[in-house]
Amino acid sequence: MENNDPRVFFAAERTLLAWVRTALGLIGLGFVVARFGLFVRLMRPDVIHPAHTWAGVIGVVLAALGAASAAAATWQHRRFCGTLAAHELPPRYRLAPAPWLGFGVALTGAALAA
C-alpha cells in the first residue's frame with residue numbers, strides 16, 4: 001500500500017472551489033449588469049434615459065456562463081474523484097459537500113438567468 005498523499009485530493013478541492021468562486025463572480029456580475037438600467041433610473045429620475053436592452057441580454061449571458069462553469073467544474077471534480085484510489089482520499093473525509101455546493105451554485109445561476 002502506498003503512502004497516503006492528500007495533496008492530490010485537496011488540490012482538486014481547491015480547484016473546484018476556485019471555479020465556484022469564479023462562477024459566483026460571473027453570476028453576480030450578470031445580475032448587476034442586468035439591473036444596470038434600473039440603477040441609472042433610480043439615480044437620476046429627472047432625466048429621460050434610453051432603454052438599456054443590451055444590459056439585460058449581457059446580464060443573462062453572464063449568469064448563464066457562471067452557471068455553466070460551476071456545473072462543468074463540479075462534473076469534472078466528480079470524475080476526478082472517481083479515479084482516485086481509496087488510499088489517496090483522506091480518512092473519514094466526506095466527499096459530498098463540494099459537489100453539492102458546485103451544483104447548487106449552478107442551479108442558482110441557471111434560475112437567476114431564467
Side-chain angles (χ1 to χ4, degrees):
M1 182 172 186
E2 299 175 20
N3 291 336
N4 183 3
D5 189 8
R7 293 180 293 177
V8 174
F9 174 72
F10 288 129
E13 289 270 307
R14 283 191 307 273
T15 302
L16 172 65
L17 294 176
W19 275 104
V20 168
R21 184 181 62 227
T22 302
L24 283 170
L26 282 170
I27 293 167
L29 181 63
F31 181 77
V32 168
V33 168
R35 297 295 174 198
F36 177 72
L38 177 63
F39 173 73
V40 170
R41 283 193 301 259
L42 287 175
M43 293 303 292
R44 297 288 310 263
D46 56 328
V47 178
I48 298 174
H49 299 283
H52 295 283
T53 56
W54 57 269
V57 172
I58 292 174
V60 168
V61 167
L62 284 171
L65 184 63
S69 66
T74 305
W75 183 259
Q76 181 68 20
H77 180 264
R78 287 190 63 191
R79 285 183 50 213
F80 176 75
C81 287
T83 65
L84 294 176
H87 70 274
E88 292 176 313
L89 296 173
R92 297 182 307 277
Y93 190 81
R94 290 182 42 134
L95 297 176
W100 277 102
L101 173 69
F103 283 132
V105 168
L107 288 174
T108 303
L112 189 61

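- Here the straight-line distance linking atom CZ of R14 with atom CZ of R21 works out to 11.5 Å at 0.5 Å rounding.
- Under the rule for a side-chain hydrogen bond (donor to acceptor under 3.5 Å, both in side chains), R94 has no partner lying at least two apart in sequence or in another chain.
- Think of W19 as one node in a network of Ile, Leu, Val, Met, Phe, Trp and Tyr side chains linked at under 4.5 Å; it has no links at all.
- Screening residues 91-114 for ring pair (Phe, Tyr, Trp, His ring centres under 6.0 Å) gives F9-Y93, F10-Y93 as the qualifying pairs, with residues at least two apart or on separate chains.
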Could you give the side-chain donor-acceptor pairs of residues 61-70 under 3.5 Å, partners two or more places apart or in another chain?
from : atom 1 : to  : atom 2 : distance (Å)
S69  : OG     : L65 : O      : 3.3
S69  : OG     : G66 : O      : 2.9

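- Grouping the Ile, Leu, Val, Met, Phe, Trp and Tyr side chains by contacts below 4.5 angstrom, directly or via other members, places L26 with W54.
- The side chain to side chain contact (heavy atoms under 4.5 Å, CB included) test with V33 singles out one residue from V60, V57, I58, and that residue is I58.
- When all heavy atoms of H77 and A12 are compared, the closest pair comes out as CD2-O, 3.4 Å.
- Cluster note: L112 groups with L16, L17, V20, L24, I27, F31, L101, V105 through ILVMFWY side-chain heavy atoms spaced under 4.5 Å, whether in direct contact or through intervening members.
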